[in-house]
Amino acid sequence: MTSHRADKLATALAHEAAAFLAREAGSDTLITVTRAVADERGGHATIFVSVFPETRAKAALAFLENRRADFSEYLKAHAKLGPLPRISFALEPRGEISSGS
């Protein structure tokens with residue numbers, strides 16, 4: 001079970017990642033942040049994304065990993081999170097995207 005702090009951190013990271021991708025990602029592939037999950041201590045977080053078209057998923061993940069340092073700098077400038085967690089990106093497993101309810 002996750003703590004309230006981890007939930008707040010995950011929500012903030014998902015929001016900031018979506019804003020970062022809206023600004024930085026190209027228009028040939030749609031990369032959508034679906035959720036983020038932070039560990040209990042806030043030392044690591046995974047940001048889950050969906051990619052369309054799915055054939056570009058591998059390239060999208062490579063883009064995200066290459067821009068991880070830029071995203072950390074973006075977080076430092078735009079989010080008040082305290083110590084930043086180590087960020088990783090992952091594809092949202094098929095069929096697991098929640099409707100937000």
Practice prompt. Could you grab the distance from atom CZ of Arg35 to atom CD of Glu92, nearest 0.5 Å is fine?
Written response: 4.0 Å
Fill in: Distance, nearest 0.5 Å, that separates CG of Leu61 from CG of Asn66
11.0 Å
What pair of heavy atoms forms the shortest contact from [X] to [Y], and how long is it?
{"X": "Val33", "Y": "Ala18", "answer": "CG2-N, 3.7 Å"}
{"X": "Arg5", "Y": "Gly42", "answer": "NH1-CA, 4.1 Å"}
{"X": "Ala38", "Y": "Ala10", "answer": "N-CB, 4.1 Å"}
{"X": "Leu81", "Y": "Ala12", "answer": "CD2-CB, 3.8 Å"}
{"X": "Leu9", "Y": "Pro85", "answer": "CD2-CG, 4.3 Å"}
{"X": "Ser72", "Y": "Leu84", "answer": "O-CD1, 3.5 Å"}

Is [Y] close to [X] at the side-chain level, that is, under 4.5 Å between some pair of heavy atoms?
{"X": "Arg56", "Y": "Asp28", "value": "yes"}
{"X": "Glu24", "Y": "Tyr74", "value": "no"}
{"X": "Val49", "Y": "Thr32", "value": "no"}

Fill in: Path from Val51 to Leu30 over hydrophobic side-chain contacts below 4.5 Å
no
Worksheet item: Looking at Ile47, Leu64, Leu21, which hits side-chain contact (heavy atoms from CB on, under 4.5 Å) with Phe71?
Response: Ile47
Practice prompt. Please say which of Arg67, His15, Glu73 ends up in a side-chain contact (heavy atoms from CB on, under 4.5 Å) with Phe20.
Written response: Arg67
Discussion item. Between Glu40 (side chain only) and Ser3 (backbone N and O only), is there a donor and an acceptor less than 3.5 Å apart?
Written reply: yes
Worksheet entry | Contacts of type salt bridge (charged side-chain N to carboxylate O under 4.0 Å, His left out), residue Arg68, not counting sequence neighbours | Glu65
Worksheet entry | Where at least one partner belongs to residues 35-69, residue pairs that pass ring-ring contact (aromatic ring centres under 6.0 Å, His included), sequence neighbours excluded | none
